[in-house]
Amino acid sequence: MDPNAPETLRRLCVSIARTAGDFAMTARVGLGPGARAAHDTKSSAVDPVTEFDQQAERLVVDRLTAERPDDSIVGEEGSNRSGSSDLTWHIDPIDGTVNFVYDLPLWCCSIGVLRHGEPVAGAIYAPVLGDMYSAAAGGGAFVNERAIRVSAATDLSTSLIATGFSYHLDAHRHTQAQRIARVLPHVRDVRRSGSAALDLATVAAGRTDGYYEEFLNSWDVAAGVLLVREAGGVVTAYDGTPLDVAQPAGVVATNPALHAEIAGLITED
């Protein structure tokens with residue numbers, strides 16, 4: 001099989017995500033129920049990073065270096081490498097680190113592969129939940145190797161919408177609070193899981209009807225964007241233009257029927 005084919009890359013994403021995710025879960029279980037994981041901070045005082053984020057990323061990078069030495073790597077914890085191929089791996093070893101720190105189950109390992117800026121394969125593994133989401137360009141989207149599709153919802157008023165908030169405690173959160181106040185009266189309810197990757201995965205699986213968030217990074221969305229697209233959904237920037245996955249700004253991911261209405265709500269003045 002072609003080593004650069006989307007399906008081959010999907011299988012590698014699944015294998016690596018499982019190794020890194022299982023490592024992190026073993027570490028988390030070892031801390032004991034409810035124990036807070038020790039952590040430092042990154043972009044702000046409420047944006048944590050643990051030794052397990054760093055160790056899990058090292059596992060991923062070591063595997064990719066051995067098996068894909070010509071590819072580039074962009075890692076949340078700083079493991080960046082420029083390669084000679086047209087493929088770039090975007091790695092979030094533990095997406096939802098706050099949940100991980102507090103021993104909440106909604107965290108995952110997200111691995112996505114981009115070719116010339118467009119996702120071609122990805123996997124999102126939530127080990128506590130036992131869910132392995134994966135997708136290959138042109139090959140569909142799956143959870144635990146079962147095909148998934150976005151929801152068939154057409155009525156926004158009975159739709160479940162996911163979102164997230166910035167770790168910058170300044171104008172970012174003030175703006176997001178105003179936005180959610182506009183959205184909430186028009187939907188069934190809103191969910192905030194604490195993991196952008198899992199939010200995208202739940203849209204792909206039809207477990208939520210839409211998701212929007214801004215101030216994200218490539219490793220947050222590289223795998224999830226492909227999942228939603230391959231599951232029949234629509235993903236754009238906030239203004240409806242094509243999303244730059246390598247440098248995402250605002251992300252709107254929904255089923256086709258709800259996209260225009262949700263995008264309109266979050267961008268109205």
Side-chain angles (χ1 to χ4, degrees), residues 1-21 53 56-95 108-125 132-142 195-201 203-204 211 213-238 241-253:
M1 184 177 287
D2 179 359
N4 294 323
E7 176 59 19
T8 306
L9 295 170
R10 181 187 77 88
R11 293 181 184 183
L12 182 56
C13 287
V14 167
S15 176
I16 296 176
R18 190 177 301 281
T19 297
D53 293 80
E57 182 163 299
R58 176 48 52 191
L59 286 175
V60 175
V61 171
D62 286 349
R63 177 89 175 267
L64 289 174
T65 300
E67 297 191 29
R68 308 282 312 186
D70 298 326
D71 297 349
S72 299
I73 296 174
V74 177
E76 181 180 17
E77 308 311 331
S79 300
N80 299 332
R81 185 185 76 190
S82 295
S84 57
S85 79
D86 60 0
L87 295 173
T88 303
W89 296 76
H90 294 257
I91 304 162
D92 196 339
I94 302 177
D95 187 47
C108 65
C109 176
S110 178
I111 300 177
V113 191
L114 273 57
R115 177 177 283 123
H116 301 304
E118 286 298 315
V120 293
I124 295 171
Y125 178 43
M132 175 67 78
Y133 298 89
S134 64
F142 308 89
S195 165
L198 280 179
D199 284 336
L200 287 162
V203 172
Y211 162 70
E213 191 172 351
E214 56 193 337
F215 311 119
L216 296 171
N217 297 289
S218 63
W219 49 79
D220 298 311
V221 304
V225 165
L226 183 63
L227 273 161
V228 174
R229 290 175 177 170
E230 288 295 321
V234 179
V235 186
T236 70
Y238 270 25
T241 58
L243 180 69
D244 183 350
V245 180
Q247 294 182 314
V251 175
V252 187

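Note that these values count all heavy atoms, side chains included, but never hydrogens, waters or copies made by symmetry.
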Item checked: Chi angles and distances behind the side chain to side chain contact (heavy atoms under 4.5 Å, CB included) call for Thr88, Ile73 -> CA-CA 5 Å; Thr88 303; Ile73 296 174; over 6 Å; no

Any donor-acceptor pair under 3.5 Å from [X] side chain to [Y] backbone:
{"X": "Glu57", "Y": "Glu76", "result": "yes"}
{"X": "Thr65", "Y": "Val61", "result": "yes"}
{"X": "Asn217", "Y": "Trp219", "result": "no"}

Next item on the list: In sequence, state the C-alpha distance, the side-chain angles, and the governing distance for Val235 and Tyr211, and then conclude on side chain to side chain contact (heavy atoms under 4.5 Å, CB included).
Entry: CA-CA 9 Å; Val235 186; Tyr211 162 70; over 6 Å; no

Please name all residues satisfying salt bridge (Lys or Arg N to Asp or Glu O under 4.0 Å) with [X], sequence neighbours left out, ordered by chain then number.
{"X": "Arg81", "answer": "none"}
{"X": "Arg18", "answer": "none"}
{"X": "Asp62", "answer": "Arg58"}

Excluding sequence neighbours, so at least two apart, what forms side-chain contact (heavy atoms from CB on, under 4.5 Å) with [X]?
{"X": "Thr8", "result": "Met1, Ala5"}
{"X": "Cys108", "result": "Asp95, Ile124, Ala126, Ser195, Ala197, Leu198"}
{"X": "Ser85", "result": "Asp70, Asp71, Leu87"}
{"X": "Val234", "result": "Thr236, Pro256, His259"}

Check: What residue among Asp92, Thr19, Ile111 forms side chain to side chain contact (heavy atoms under 4.5 Å, CB included) with Val60?
Finding: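 Exactly one pass, corresponding to Ile111.
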
Checklist line | Worked verdict on Leu9 versus Val120 for side chain to side chain contact (heavy atoms under 4.5 Å, CB included) | finding: CA-CA 8 Å; Leu9 295 170; Val120 293; 4.0 Å; yes

Contacts of type side chain to side chain donor-acceptor pair (under 3.5 Å), residue [X], not counting sequence neighbours:
{"X": "Ser84", "answer": "none"}
{"X": "Asp220", "answer": "none"}
{"X": "Asp199", "answer": "Ser193"}

Note to self: As a quick check of understanding, evaluate side chain to side chain contact (heavy atoms under 4.5 Å, CB included) for Val252 and Glu213, giving each step before the final call.
What the structure shows: CA-CA 7 Å; Val252 187; Glu213 191 172 351; over 6 Å; no

Next item on the list: Can you sort out the partners of Tyr238 under ring pair (Phe, Tyr, Trp, His ring centres under 6.0 Å), two or more places apart, ordered by chain and number?
Entry: none

Note to self: Give me the atom names and distance for the closest heavy-atom approach of Val14 to Ala123.
What the structure shows: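 In this case the closest contact between Val14 and Ala123 is N-CB, 3.8 Å.
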
Please list, one pair per line, the donor and acceptor atoms closer than 3.5 Å that link side chains of residues 221-232 to other protein atoms, with sequence neighbours excluded.
| from | atom 1 | to | atom 2 | distance (Å) |
| --- | --- | --- | --- | --- |
| Arg229 | NH1 | Glu118 | OE1 | 3.1 |
| Glu230 | OE1 | Gly138 | N | 3.4 |
| Glu230 | OE1 | Gly139 | N | 3.4 |
| Glu230 | OE1 | Gly140 | N | 2.9 |
| Glu230 | OE2 | Gly138 | N | 2.8 |

